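Please read the structure below before turning to the comments.
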There are 2 protein chains.
Amino acid sequence: MLSKGILDHVTTARERVRAELTAEITDAARRQLAEVGAAALSLRAVAREVGLVSSAVYRYFPSRDELLTRLIIDGYDALGAAAEAADRPGEAPRVRWLAVCRAVRAWALAHPHEYALLYGSPVPGYSAPRDTVPAASRVAVVLGRILGDAARSGLLPAASGDRDPSLVSDDAAAVLGGDHPAIDDTVRVRALMAWSAVYGTVSFELFGHFVGSVEDGDRYFDRAMTELAALIGL
Amino acid sequence: MLSKGILDHVTTARERVRAELTAEITDAARRQLAEVGAAALSLRAVAREVGLVSSAVYRYFPSRDELLTRLIIDGYDALGAAAEAADRPGEAPRVRWLAVCRAVRAWALAHPHEYALLYGSPVPGYSAPRDTVPAASRVAVVLGRILGDAARSGLLPAASGDRDPSLVSDDAAAVLGGDHPAIDDTVRVRALMAWSAVYGTVSFELFGHFVGSVEDGDRYFDRAMTELAALIGL
DNA sequence: GTCTGGCGAGAGCGGCGCTCTCGCTCGGGA
DNA sequence: TCCCGAGCGAGAGCGCCGCTCTCGCCAGAC
């Protein structure tokens, strides 16, 4: 290890087998997560599943929380990919909105424990929010693009042009449709609110807060999301 | 213990001291919860704080989850009381709506771990949703009463009168303003959606999903809740 | 061909939830 | 007033958990 040369990206045999075992561990952890949830995910059980003694796993993940962080990032990526795949850029904005919302809900219902890990209570003392931001933004980017396309196609009414970075940050404004005369802070607040309302709706259903209030979750969800689409002008 | 007579509600000395120790345990548990969160709440640490050996606590709570269930119910009651106290039945509906929403957010910010216990990921395998329902409904009852008062004061426009118990249950419909020609299923869906949107907004802020997007949480929250009020017609 | 860095195993620490057994004590029935 | 058993707290212990440290080995880098 004298120097870091040009060909360092050529993985050595050691690095390859290490990457493979790391993947094997995260796969086992993901299975555990899906079965018993994040709270009951045990590094020792993961180790048993991959045929290692528990201490050996620490060669690959410095702590249980690091392993969970890995699963969080992977979860955000999977959810983001599902949202991106559900978008149909040619369609009308409200059709696209509903399709993406449905995809988010479907992913959540199919992966309840992973969804809870992403959007439920933060599990450890405080994991690593910074690493997770890019992956976590993917759904927001999809929804923001729908809003921007709607504005560019002239669907949204003219707006006042209010702009206050302390209300909605510049970064978020760029994602939420970008610069367009039909998008001002009122629209951005509505969009942000709609975004969190989607997760509020999915979380309530998944965490049982709709028990006794909503019977047909599918139909309720579609109607709620349609109301939201109307709120942001789609 | 031959019979359960008329004066059984007169607590015996034994029952009184038992109730006192039970309260002491739940108080200690609540302090622990506020400090370290539900995931790290340890029955042994609670026992240490009240000066008991861990096994003695099992005389009062059959398991850690039962203790958590107690804290969940207490939390719902505290939040519900805060919401009820914030309501001002004489004021305009949208003023009342905003006041109650602010109270919910304020309580959540003041008791983040308790809020996470109530509205974050369900902690155990599955606690006891049935016992918690009455306490959990209190906030919804307050918001529903505001909607009903608005309808009775003629603020809401006439509605189509749609009624579909599989979309919104009869129980929920009774809470959400009750029977009134201005309240149909569209309004009920909007109200239910607004309710979950409130928690989506608070949860996003509390769980860090607004980091990088919203700087001034107070102002954002007020504007978002105002948009919601407009959506349900207040 | 050597040798060293990375590896897995093993033992062990403290803490956890929970169980069971054992004496004590004190309140309530006689 | 007495006595006795229900209810109690303590203690030991089981099998988990996360995490640490040490040791011997072996293969891959030079």
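A note on names: the letters A, B, ... follow the listed sequences, proteins ahead of strands, and every chain is numbered from 1. Here the structure is a predicted model, which means the values were calculated and not measured.
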request  = Report, as a single string ordered 5' to 3', how protein heavy atoms within less than 4.0 Å touch nucleotides 15-26 of chain D: B base, S sugar-phosphate only, - not at all.
outcome  = --BBBBB-----
ask   = Is the phosphate of dG7(D), meaning OP1 or OP2, less than 4.0 Å from a side-chain N or O of R18(B)?
value = no
request  = Return yes if a side-chain donor-acceptor contact under 3.5 Å exists between R70(A) and T22(A), otherwise no.
outcome  = no
ask   = If you look at every strand shown and take non-hydrogen atoms under 4.0 Å, does L67(A) touch a base, only sugar-phosphate, or nothing?
value = nothing
message = Regarding Y60(A), tell me which of base, sugar-phosphate or nothing describes its non-hydrogen contacts under 4.0 Å with the strands shown.
response = sugar-phosphate
inquiry  = Taking salt bridge (charged side-chain N to carboxylate O under 4.0 Å, His left out) as the cut-off, I'd like each qualifying pair that reaches into residues 37-60 of chain A, sequence neighbours left out, listed once.
reply    = R31(A)-E49(A)
If the plane angle is over 60° it's perpendicular, under 30° parallel, otherwise tilted; pick one for [X] and [Y].
X       : Y       : answer
F210(B) : Y220(B) : perpendicular
H209(B) : Y76(A)  : perpendicular
W195(B) : F204(A) : perpendicular

From [atom1] of [X] over to [atom2] of [N], roughly how many Å is that when rounded to an integer?
X      : N       : atom1 : atom2 : result
E15(A) : dA27(D) : CD    : P     : 19 Å
L52(B) : dG7(D)  : CG    : C1'   : 14 Å
E49(B) : dG15(C) : CD    : C1'   : 17 Å

task = Find the distance between CG (D170(B)) and CG (D164(B)) and round it off to the nearest 0.5 Å.
result = 10.0 Å
